[in-house]
Amino acid sequence: MPDQIPELIDLEAHRARRDDASQAQDEKAGELVRLSTADIEGMDTAYEVALDDDADTDPGAGKVLVPVDTSAAPVTVAPGERLPIIPVHLRPENLPATARRALARAAHVAAYHGVRSPWYGCKLGWFAGRGLFRLVGKQIAWWWVPNSVALEQTAADAKELKEWEKIHRQLKATRLWRGSVLTAQNIGLAISAPILWNAAPAAALAAACVGAVAALAHYGRPAGQTLVGTAVVAPRFRKLNSNIVLRAYYAAGLGKPDKADQEIRFGSQMSRDARNTGSQVLVDLPYGKGWSDVQGSREKIASGLDVHVNQVFLSPDKSSSRRHTLFVADRDPLAVPVGRTDMLDCKPRSIWRPAKFGKDERDAPVSLLLMWISLLVGAQPRKGKTFAARLIALHAALDPYVKLIVVDGKNSPDWLKFKLVAHRIVFGTHPSPNDPDPIGNLLAILDEVLAHIDRVNTQLAALPVSVCPEGKLTEELARDARYPDLRVLVIVMEEFQVYFETEDQEVNKQIAAKLSRIQAVGPSAGVVIVSSSQKPSGVGAGDVGRLFNRYRDNHAVRFALKCGNRIVSEAVLGGDAYAEGFDAATLPVGDEYRGVGYLYGAADATPTVRTYLADHSDAEKILTAARAHRERMGLLTGMAAGEEVERATRDVLADMLTVMGADSAAHWDTIAGRLAQQMPEQYEGTTAEAISAQARSAKVPSVNIKRDGATRKGAKADDIRAAINRRDTTERN
C-alpha cells in the first residue's frame, strides 16, 4: 500500500512577515512543515482556536501554536545590561512555581487518564480484534491477488485467448507460491507458539502479548480515532513575536515602519513571564513619543494584537520616558477569581506583617502593610468595596493586640458580626436597634482616639532610649504587657462621607475636625485608618468641605474599584494616578470583575488587584476565632467585652438635666460652664457649641432663652426630658 501522506501543519499562530531575506532561520516561523498523524495525535494539548491563521494554509489542516523565535526584530539593550541566559521561569527563585505547575499538570493528566483506563481497555480490545481481522483479510487478499481478476476479464472481453491463458497461468503460480508462504507461516506459528508459551519467561511473554495487542490495536483503529483522549484543552492565547507587536503599535499610530527615526524597537527579548501566565517585552517608542502617547492607545494595541483589552497591560520604565513594558496575558486575568482568603485557617495574624490582599494581573500575590498608613477604598455600589475594606479589618481582628474600631455609616449587616471583637462600634447616623445614639457614640470614640494618641506620644517620649530607640512605637512595645496603652488602633470607616453631611452642621464640623486631626497625627502613634466611600467628592460646604477633602486626600494608599467616571476615579486615586494612566472608570464591568481595582501608593508599581474573597459566613467564622484568641489571651476590650462608652459624651442629656437643677431652661454657655465645673473629669474644656451639637443630634431643639436680662440660644428642661423619653422608648423596643 502507498505510504500515508503526512499532513501540512502551520507551526506558528501568526503569518510572519520578514523583510530581511537573510534571516532564514527566523522565517521558519511561517513555514509549513510535515508532521505525521501520529505526531499530531501524540500531542497531549489540543487548542480550541488558533490565532492568526495563515491565509495560504489549507483551512482543514491542523494548527499548532508554538513559541516564536524572538530575534527577528532589532533588540536594543541598555548599557551594562545583558540578555538572560536562563529563562525567567526557570531561574532558582521561580523554579518551584514552575515545577508546581508542571507537576499539577502531570497529576491532572494522570488522573484524567486513570479514571478512563477501563474504557481505554475496552477500546484497546476492540481495536486489537479489528486489527486482527484486518490483518487476516489483508493476507487473504494478498494470496488471492484481487487485481488479477480484472486483468483476466479485460483479456476475455478483448477475446485474446493467449493473453488470458498467460495471465491465468501466472495467477495460479502466484497463488500457489503465496499460499505456500502463508501455509508455512501458519504451521510455524502453530508449532512455535505452544513451545514459546511453555519455555519463555512470563515477563517476556507478557511483554510480547502487550506489544502484539498494541500493534494490532494501532493497525485496527478506525481512521480519525485515538485510544487515549486529550486531557487538557488549552485556551485561546497569544505568544508574542516581533511582527505581531510591531503590527499592533504601527496600527495604533505610535510609529512609522517606513521611516528609520520612527521605527518601534525592543529593549529586551520577548519572553514568558516568571509565572508563565503571559508574554512580555520592553518596547522603545520612537523619539518624541512617550508614556502619555501609549497609555491612551491601549485599546488600539489590543486590537492590533487581536486580544481583549483586559489582557494588555502597560507599565512605564524608569530608564526612559519612551520605554515601557508590554505584558499580554494568555487570557483575561481579571476575570479569574483568586479564591477565598487564607484567613479561613483562623490562625492569629500580626498587624505588623503584610495582609494578603489579592493577586495582580500576573497572578503574583499582593500584600499590604497597614502600619503607618491610611487606606482609602472607593467604588460604585456592589463592586466589592465593602468586601475589600472588610478583608483588611478581618486581618486586624485576627491580631489580638489590636483595638479595632468599626464605624459603619450605612448601618448594614456587613459589619454586624464585628461586635464579637470590636473595641468600639457605631452603626448609621440615626438611632436604631443596632445603635441608639450613633452620633454621640462617634464623637465620644473620636475623643477617645485623640486621648489615646496623646497618651501614646507622652509615654513614648518618656521611655528610655534602650527601650524605645527612635521614639517610635514598635511591635515589641505594642505587645508588652507593661504598656497596655501602647496598642495599635485600627479605625474602619464604612461610607465615611455620611458623617460629614449630617443634619447638624455643627456636628459635621466637629466630626470633620476630629477625623482630620486623627489622620494627621494618628499614624505615628499606631492609629491605622481604613476609609471606604462610594461618594468621595462633593461632600459638605465651607469648613466641612475643606476638611473632608483634606481627610480624603491625606490617605497614603488608595484602592479604587470600578468607578462611575473619571472624576470619581481621580477623587479616589488622586490626580497623579490619572496622569500615570490609571483610571478606575475604565475597569471592566460584570459580576466576574467584582473585587478588581487599582492599588495606588502601596509600592512603586500600581497593580490591578483581584482581592481575595471573604463572604458573610467566612467573616463570621474568622471573627468567632478572633474573639476566642482575644479571650484566651485576656485581650478582649471595649464593647466586645461589655464595656460602655464613657458617660462623658454618651449620656449628655442626663448630665444636662443634672446641672440645670431646678431651672426650666438655660443658655448653652451656662450649661457648658456648669458641666465643666461640676463634672470636670468628663467635660473639662467643653464648649457651648459642642454641648449644643450633641443635644441637637438627640433632637433637643435650640431655642431663644431669656435669662438674667439676656436672650440667647439655649435648651428647655422639658425638651431634654422628651428626648430622653424618646431614646428610652427606642431602647425598649
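Ring pair His555/Tyr551 is perpendicular by interplanar angle, where above 60° counts as perpendicular and below 30° as parallel. A tilted orientation is assigned to the rings of His113 and Tyr120, their planes being inclined by 30° to 60°.
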Side chain to side chain contact (heavy atoms under 4.5 Å, CB included) between Met371 and Ile351: does it pass, once the steps are laid out?
CA-CA 7 Å; Met371 287 304 300; Ile351 198 71; 3.9 Å; yes
Passes side chain to side chain contact (heavy atoms under 4.5 Å, CB included), Arg552 versus Asn549? Steps please.
CA-CA 5 Å; Arg552 177 200 65 199; Asn549 291 338; 3.5 Å; yes
Please evaluate residues Leu394 and Thr341 with respect to the criterion side chain to side chain contact (heavy atoms under 4.5 Å, CB included), reporting the C-alpha separation (whole Å), side-chain torsions for both, the decisive distance (0.1 Å), and the verdict.
CA-CA 10 Å; Leu394 290 172; Thr341 173; 5.7 Å; no
Step by step, work out the side chain to side chain contact (heavy atoms under 4.5 Å, CB included) result for Ile301 and Tyr249.
CA-CA 6 Å; Ile301 293 172; Tyr249 275 73; 3.8 Å; yes
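Screening Arg265, Arg323, His324 for a side chain to side chain donor-acceptor pair (under 3.5 Å) with Asp284, the sole residue that qualifies is Arg323.
Within the 4.5 Å cutoff, no side-chain heavy atoms of Gln311 are placed close to those of Leu305. Under the 4.5 Å side-chain criterion, counting only non-hydrogen atoms from C-beta, Leu391 is in contact with Tyr612. Using a 4.5 Å cut-off on side-chain heavy atoms (C-beta onward), Leu285 and Ile264 make contact. Considering only heavy atoms from C-beta on, Phe387 comes within 4.5 Å of Asp615 through its side chain. In this structure the side chain of Arg298 reaches within 4.5 angstrom of the side chain of Val309, judged on heavy atoms. Leu314 has its side chain within reach of Leu326: a pair of non-hydrogen atoms, C-beta onward, lies under 4.5 Å apart. Arg100 has its side chain within reach of Pro96: a pair of non-hydrogen atoms, C-beta onward, lies under 4.5 Å apart. In this structure the side chain of Phe266 reaches within 4.5 angstrom of the side chain of Leu246, judged on heavy atoms.
For the pair Arg116 (side chain) and Gly114 (backbone), a donor-acceptor distance under 3.5 Å is absent. A distance-only check finds no donor-acceptor pair linking the side chain of Lys256 to the backbone of Glu263 [under 3.5 Å]. Using modelled atom types, one side-chain atom of Ser268 and one backbone atom of Leu282 make a donor-acceptor pair closer than 3.5 Å.
Applying the salt bridge (Lys or Arg N to Asp or Glu O under 4.0 Å) test to Lys289 and every residue at least two apart in sequence or in another chain returns nothing. Not a single side-chain hydrogen bond (donor to acceptor under 3.5 Å, both in side chains) links Asp360 to another residue, sequence neighbours left out.
In this structure, Asp330 CG and Thr277 OG1 are separated by 6.5 Å, a value rounded to the nearest 0.5 Å. The distance from the CG atom of Leu344 to the CG atom of Asp618 is 4.5 Å, given to the nearest 0.5 Å. How far CH2 of Trp291 is from OG of Ser320: 12.5 Å, rounded to the nearest 0.5 Å. For the atom pair Phe327 CZ and Glu361 CD, the distance stands at 7.0 Å (nearest 0.5 Å). A distance of 9.0 Å separates CD1 of Ile244 from CG of Asp306, quoted to the nearest 0.5 Å. Separation of atoms CZ (Phe357) and OG1 (Thr611) is listed at 6.0 Å; rounding is to 0.5 Å.
Sorted by first and then second residue, the salt bridge (Lys or Arg N to Asp or Glu O under 4.0 Å) pairs with a member in residues 602-613 read Lys318-Asp604, Asp363-Arg610; sequence neighbours excluded. Residue pairs meeting the ring pair (Phe, Tyr, Trp, His ring centres under 6.0 Å) criterion with at least one member in residues 570-604, sequence neighbours excluded: Phe582-Tyr598. Legend: salt bridge (Lys or Arg N to Asp or Glu O under 4.0 Å) pairs involving residues 379-396, not counting sequence neighbours, sorted by first then second residue: Lys385-Glu494, Lys385-Glu495. The salt bridge (Lys or Arg N to Asp or Glu O under 4.0 Å) contacts involving residues 569-583 comprise Arg566-Glu570, where partners must be two or more places apart or lie in separate chains.
Of all heavy-atom pairs between Pro354 and Ser367, the closest is CB-CB, 3.5 Å. Scanning all heavy atoms of the two residues, the minimum distance from His395 to Arg353 falls at NE2-O, 3.4 Å. Shown here for Val528 and Ile373, the closest heavy-atom pair between the two residues is CG1-O, 3.7 Å. In terms of heavy atoms, Gly378 sits closest to Cys563 at O-SG, 4.4 Å. For Pro365 against Lys359, the heavy-atom pair with the smallest separation is CA-CG, 4.2 Å. Counting all heavy atoms, side chain and backbone alike, Ala388 lies closest to Phe559 at CB-CE2, 3.9 Å.
Atom CD1 of Ile567 is surrounded by 12 or fewer heavy atoms from other residues, nucleotides or ligands within 6.0 Å. The 12-atom threshold is not exceeded at CH2 of Trp119, counting heavy atoms of other residues, nucleotides or ligands nearer than 6.0 Å. Counting heavy-atom neighbours within 6.0 Å of Glu299 CD, excluding the residue itself, gives a total of 12 or less.
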